[in-house]
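Down below is the structure, laid out as structure tokens.
Everything numeric here is computed off the predicted structure, so don't read it as measured data.
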Amino acid sequence: MKAIVIKEPGHVVLEEKKIPEPQAGFVRVKVKAAAICATDLEVLDGNIPANYPLTPGHEWSGNVDAAGSEEDRFWIGKRVVGSNDVVCLKCDACRRGEWRYCGDFEEVGFKRDGAYAEYVIVPAYGLCELPDHVSFVHGALCEPLGVALGTLEKAGAKFGDTLLIIGAGSIGLCILAAAKAMGMQDIVVAAATEKRLGIARQMGASHTIALKDHDLIEEMKKIHPGKTDVVVDATGIESCIQQSLKLARKGGTVALAGYGRGKVMSIRIDDIHINNLRVIGAGNNWNQHKKAVALMAQGLVNIENLATDRIKLEEFEKGLELARKRPDGFVKAVFVDE
């Protein structure tokens, strides 16, 4: 099979590999769509721990074509998305459904080969059937939508809350889509430039702010004069996090959904202490695939337009370049098998 392989940090190739066989508890999926995520670039650059050589890719959909256990054979032929979390299913964390806390946790696309290939091996227990009327490309975006759903759940966001999202990448835009579906109000999306703010407006953002042209603190005084119920930073940038703490109302919530790339950052603790802020970490999707698929299937969330570029595995260099340079209008490149 064809597979994209990161041989070592900074060295990526397309090569022929043997089609893998699923072990007990796992299935093999014929990949139909696999989206490029910014964290995949971090794996390529060596900034996230990974087992090299590695095939990346954790945003995927496809058809199950083989199962490693007799009890999982009923999945064969089904259209699926699924969790990338490989866990023991026995420890206290797993029993609570907190798979990311499992002591044996590994992740497809990081510690195990992922979906930038014709086939991928994934755990059967994490599968979710994809309805026929939800496209494979849309299905591949269940993973970032799951991150958005998990972020708002952790933040305790609710119907009628005001929301500020800093960052208009795929996670920020997915948070916008999820927030609209759950009835949050007066939603503001702020980003460095206008590159993606047009998409945010099309998706229903009440206000957008280009930080290159406007002062975020001053603009938010006009929009949310009493400050904001929930502020989500989807950038992982120090200055944005610092501003998030100043923009949440007293007793409000700040959710940190951006990857900080291992940097040590400075914040003013009194912004949290004096204002009784609730500050939470909100990485990963925490088994939200079923909920994400349901929202897509019911038409409550449609983020397929975030797949701005559809490419073949052979065009991986183009896809990675797009993900790095992020030209105007670009959100995600998706490998497709059509």
Quiz item: If you look at every heavy atom in Ala117 and Ala3, which pair is closest and at what distance?
Solution: CB-CB, 3.6 Å

Exercise. Could you pull out the closest heavy-atom pair between Glu59 and Cys37, with the gap in Å?
Key: OE2-CB, 3.4 Å

Quiz item: Parallel, tilted or perpendicular for Phe26 and Tyr125, by the 30°/60° rule?
Solution: perpendicular

Exercise. Answer whether the closest heavy-atom distance between the side chains of Arg112 and Val122 falls below 4.5 Å.
Key: no

Quiz prompt | Derivation of the salt bridge (charged side-chain N to carboxylate O under 4.0 Å, His left out) call for Glu118 and Lys17 | solution = CA-CA 10 Å; Glu118 292 184 272; Lys17 294 177 65 176; over 6 Å; no

Exercise. Answer yes or no: is there a side-chain heavy-atom contact under 4.5 Å between Ile199 and Leu306?
Key: yes

Quiz item: For atom NZ of Lys312, is the number of surrounding heavy atoms from other residues, nucleotides or ligands below 6.0 Å larger than 12?
Solution: yes

Practice problem: Might you confirm whether atom CD of Glu317 has over 12 heavy atoms from other residues, nucleotides or ligands at distances under 6.0 Å? | Solution: no

Practice problem: Starting from the C-alpha separation in whole Å, work towards a yes-or-no answer on side chain to side chain contact (heavy atoms under 4.5 Å, CB included) for Lys212 and Glu194. | Solution: CA-CA 9 Å; Lys212 181 180 178 182; Glu194 279 283 345; over 6 Å; no

Exercise. Using a cut-off of 6.0 Å, state whether more than 12 heavy atoms not belonging to His273 lie near its atom NE2.
Key: no

Quiz item: Is the closest basic N to carboxylate O distance between Glu98 and Lys154 below 4.0 Å?
Solution: no

Quiz item: So do the side chains of Met296 and Ile303 get within less than 4.5 Å of each other, counting heavy atoms only?
Solution: yes

Self-check item: Glu8 side chain to Tyr52 backbone, donor-acceptor under 3.5 Å
Solution: no

Practice problem: Check whether more than 12 heavy atoms from other residues, nucleotides or ligands sit under 6.0 Å from atom NZ of Lys2, and answer yes or no. | Solution: no

Practice problem: Measure the spacing between SG of Cys91 and CH2 of Trp99 and express it to the nearest 0.5 Å. | Solution: 11.5 Å

Exercise. Answer with yes or no whether the hydrophobic clustering places Phe316 together with Val5; edges join I, L, V, M, F, W, Y residues whose side-chain heavy atoms lie under 4.5 Å apart.
Key: no

Practice problem: Check step by step if side chain to side chain contact (heavy atoms under 4.5 Å, CB included) holds for Val134 and Glu304. | Solution: CA-CA 10 Å; Val134 179; Glu304 189 165 2; over 6 Å; no

Quiz item: Do the non-hydrogen side-chain atoms of Arg268 and Leu245 ever get within less than 4.5 Å of each other?
Solution: no

Self-check item: Atom pair NZ (Lys18) and OH (Tyr119), whose distance is rounded to the nearest 0.5 Å
Solution: 14.0 Å

Exercise. Applying side-chain hydrogen bond (donor to acceptor under 3.5 Å, both in side chains) between Asn275 and each of Arg249, Lys250, Lys246, Lys227, report the one that passes.
Key: Lys250

Quiz item: Do the non-hydrogen side-chain atoms of Val189 and Met203 ever get within less than 4.5 Å of each other?
Solution: no

Self-check item: Phe136 six-ring face occupied by Arg79 cation (under 6.0 Å, within 45°)
Solution: yes

Exercise. Decide whether Met184 and Val254 are clustered together by the hydrophobic rule: side chain heavy atoms of Ile, Leu, Val, Met, Phe, Trp, Tyr closer than 4.5 Å, transitively.
Key: no

Practice problem: Evaluate whether atom NZ of Lys30 has more than 12 neighbouring non-hydrogen atoms of other residues, nucleotides or ligands under 6.0 angstrom away. | Solution: yes

Quiz item: Is the number of heavy atoms from other residues, nucleotides or ligands within 6.0 Å of CZ (Arg95) greater than 12?
Solution: no

Quiz item: Should Glu219 and Lys222 count as an ion pair when the cut-off is N to O under 4.0 Å?
Solution: yes

Quiz item: Ile36, Leu14: one ILVMFWY side-chain cluster at the under-4.5 Å cut-off?
Solution: yes

Quiz item: Salt-bridged, Arg324 to Asp45, with N to O below 4.0 Å?
Solution: yes

Practice problem: To the nearest 0.5 Å, tell me how far Ser244 OG sits from Leu216 CG. | Solution: 8.0 Å

Quiz item: Heavy atoms, side chains only, cut-off 4.5 Å: are Leu141 and Leu145 in contact?
Solution: no

Exercise. Answer yes or no: is there a side-chain heavy-atom contact under 4.5 Å between Val147 and Cys174?
Key: no

Practice problem: Kindly say whether Val331 contributes a backbone atom to a donor-acceptor pair with the side chain of Thr308 at under 3.5 angstrom? | Solution: yes

Quiz item: Do Arg28 side-chain atoms and Pro20 backbone N/O form a donor-acceptor pair below 3.5 Å?
Solution: yes

Practice problem: Find out if a path of hydrophobic residues (ILVMFWY) with successive side-chain heavy-atom gaps under 4.5 Å connects Leu149 to Val231. | Solution: no

Exercise. Would you name the heavy atoms of Gly319 and Ile311 that are closest together and state the gap between them?
Key: CA-CD1, 3.6 Å

Self-check item: Connected via hydrophobic side-chain network under 4.5 Å: Leu127 and Ile76
Solution: yes

Exercise. May I have the step-by-step check of side chain to side chain contact (heavy atoms under 4.5 Å, CB included) for Lys180 and Ile187, ending in yes or no?
Key: CA-CA 8 Å; Lys180 291 287 291 183; Ile187 301 170; 3.8 Å; yes

Quiz item: Looking at His58 and Val108, what are the two nearest heavy atoms and their distance?
Solution: CB-O, 3.7 Å

Exercise. Determine whether Asp85 and Pro123 make a side-chain contact, defined as any pair of heavy atoms from C-beta on separated by less than 4.5 Å.
Key: no

Quiz item: Between the side chains of His207 and Asp186, is a donor N or O closer than 3.5 angstrom to an acceptor N or O?
Solution: yes

Quiz item: Rounded to the nearest 0.5 Å, how far apart are CG of Asn51 and CD of Glu106?
Solution: 7.0 Å

Quiz prompt | salt bridge (charged side-chain N to carboxylate O under 4.0 Å, His left out) evaluation trace for Lys221 with Glu218 | solution = CA-CA 5 Å; Lys221 287 179 181 177; Glu218 293 303 313; 3.1 Å; yes

Quiz item: With a cut-off of 6.0 Å (strictly less than), are more than 12 heavy atoms of other residues, nucleotides or ligands near OH of Tyr101?
Solution: no

Quiz item: Could you give the distance from CH2 (Trp75) to OG (Ser69), rounded to the nearest 0.5 Å?
Solution: 13.5 Å

Quiz prompt | Heavy-atom closest contact (Thr235 atom, Cys240 atom, distance) | solution = OG1-CB, 3.4 Å

Practice problem: List the steps and the verdict of side chain to side chain contact (heavy atoms under 4.5 Å, CB included) for Gln185 and Phe159. | Solution: CA-CA 8 Å; Gln185 66 163 331; Phe159 180 90; over 6 Å; no

Quiz prompt | Which atom of Trp60 lies closest to which atom of Val80, heavy atoms considered | solution = CZ3-O, 4.0 Å

Self-check item: Interatomic spacing from OG1 in Thr151 to CD1 in Ile280 - rounded to 0.5 Å
Solution: 7.0 Å

Practice problem: Could you tell me whether Arg201 atom CZ has more than 12 heavy atoms of other residues or ligands within 6.0 Å of it? | Solution: yes

